[in-house]
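Quick notes on the structure that follows.
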Number of protein chains: 2
Amino acid sequence: MTARRSDTTRAAILAAARERFATDGFERATIRAIAADASIDPAMVMRYYGNKEALFAAAADFDLRLPDLTGVPTGEIGTRLARHFLHRWDTDEALVALLRAAVTKEGAAERMRIIFATQLGALVARHAPAPEEAPVRAGLVATQMLGFALCRYALRLPPVVGLSPDEAVAWLAPTIQRYLTGTPD
Amino acid sequence: MTARRSDTTRAAILAAARERFATDGFERATIRAIAADASIDPAMVMRYYGNKEALFAAAADFDLRLPDLTGVPTGEIGTRLARHFLHRWDTDEALVALLRAAVTKEGAAERMRIIFATQLGALVARHAPAPEEAPVRAGLVATQMLGFALCRYALRLPPVVGLSPDEAVAWLAPTIQRYLTGTPD
DNA sequence: ACCATATGCCAACAAGCGTTGACCTGAGAC
DNA sequence: GTCTCAGGTCAACGCTTGTTGGCATATGGT
């Protein structure tokens, strides 16, 4: 497959879509606005992506890219995971886009569920004391990490926005660690 | 002010609005659908609440109703707060409604910020080791509690939905406790 | 009985949305 | 040079939305 002339246009549309979906959510982000951002006609968006739903699917397609933590000392996993999440969230708009959409769109929520169940679930299963606890532990990790993302990137609670990455990791890591390998009180 | 005949209609509209906003979010919940749920004409909604924005404000008007925890042993506050949040969230649709809206509407996000900064901030200030740390500690508590609510009521992650209230409190309480009175690691 | 008024319904408006099809335009193949 | 077709523009469609004003009806005070 050789590069076509239209590839730059496709990329521009996708970049604009990611930005709009991330800041406005699915329903408030309009095809017309995305097209304007990409300096293109709205009809082009339809031609290249079919419809708004499919465009969103393309824009919010991502991977948690969880690192391989085999060999890492058990006690460090919380820190490593917290740091990874923070960095990942800071550098990929698609995550915020999916988060914003997942709150009101069942289809997006389903994608979120699958991503966290499979990707995070698999990692947790490798480190949880008992394998059958893995789903619950992964779910708990999700509550803390998604909650942090929600407050920092979507709601923008000032004290949470003000935390430096290192401070954030220092606070979150023990929580993650306990959800992964600890016990309820 | 004596009771008017229209009060039952007003209440029916408000109840329908809360439900729609809670399940659909602000933009997907339509005046027409709310009116249909309340078995009245859409024009009535406008007459009684002015516009959609004001209707939402009335439907999402609520209070965290945080308990007075003075005198409670310091070590128990985490448990008490976790239990209170869980119960509160389970019994008031307005909380989910505001959460869903806050993710995509700046006005709703602002309300969320104010509620958590003032109501939760005040409680935290009374128990935090140093008063100047209160905002950050309140913010951290918010990340965990809102994250839990997000995963349980909005995203409906199965393992999180499956937790019994007691299990949930047992897992969350130590986290809340550490954010309130503990130290980062 | 009568009237003022609160309550409610109906029809319509303007605006914005996703989406479509017809029509240009310019580059590359022959 | 001409033909072809992908790349791009334009105007319009059908639909839904929030919102409005006019009109019917029921209520309750006198």
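Every chain is numbered from 1 and lettered A, B, ... according to where its sequence line falls, protein lines coming before strand lines. These numbers come from the heavy atoms of this one structure, side chains and all, not from hydrogens, waters or symmetry mates.
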Taking only the side-chain heavy atoms of B:P42 (C-beta and beyond), determine which of D:dT19, D:dG18, C:dC17 contains the nearest atom. D:dT19
In whole angstrom, give the distance that lies between atom CG of A:D7 and atom P of D:dA6. 14 Å
B:I40 atom CD1 is separated from C:dT7 atom P, nearest whole Å, by 13 Å
Whole-Å gap separating P (D:dG7) and CZ (A:R10): 8 Å
B:A43 has its side chain closest, among C:dC9, D:dT9, D:dG7, to C:dC9
Distance check needed: C:dC17 C1' versus B:E27 CD, whole Å only. 13 Å
Do A:E27 and A:T104 have side-chain N/O donor and acceptor atoms under 3.5 Å apart? yes
Check every strand shown and say whether A:Y48 touches a base, only sugar-phosphate, or nothing at a heavy-atom separation below 4.0 Å. sugar-phosphate
Output the rounded distance in Å from CE (A:M44) to P (C:dG21). 14 Å
For B:N51 and D:dT20, what is the distance between atoms CG and P respectively, to the nearest whole Å? 8 Å
For B:D41 and D:dT17, give me the distance from atom CG to atom P, rounded to whole Å. 15 Å
For the residue pair B:F85 and B:F116, does the interplanar ring angle fall in the parallel (under 30°), tilted (30 to 60°) or perpendicular (over 60°) class? parallel
Among C:dG18, D:dC10, D:dG18, the nucleotide that comes nearest once only the side chain of A:I31 is considered: C:dG18
Going by distance alone, is a donor N or O of one side chain under 3.5 Å from an acceptor N or O of the other, for B:T70 and B:R126? no
Closest to the B:T30 side chain, choosing from D:dT17, C:dC9, D:dT19: D:dT17
Does the side chain of B:T9 get closer than 4.0 angstrom to OP1 or OP2 of C:dT7 through an N or O atom? no
Side chain of A:K52 (C-beta onward), nearest among C:dT19, C:dA12, C:dC9: C:dT19
Round to a whole Å and report the spacing from CZ of B:R32 to P of C:dA12. 13 Å
Between the side chains of B:Y179 and B:T143, is a donor N or O closer than 3.5 angstrom to an acceptor N or O? no
For B:A33, which contact category applies under a 4.0 Å heavy-atom criterion: base, sugar-phosphate, or nothing? nothing
Quick one: do the B:E19 and B:T23 side chains pair a donor with an acceptor below 3.5 Å? no
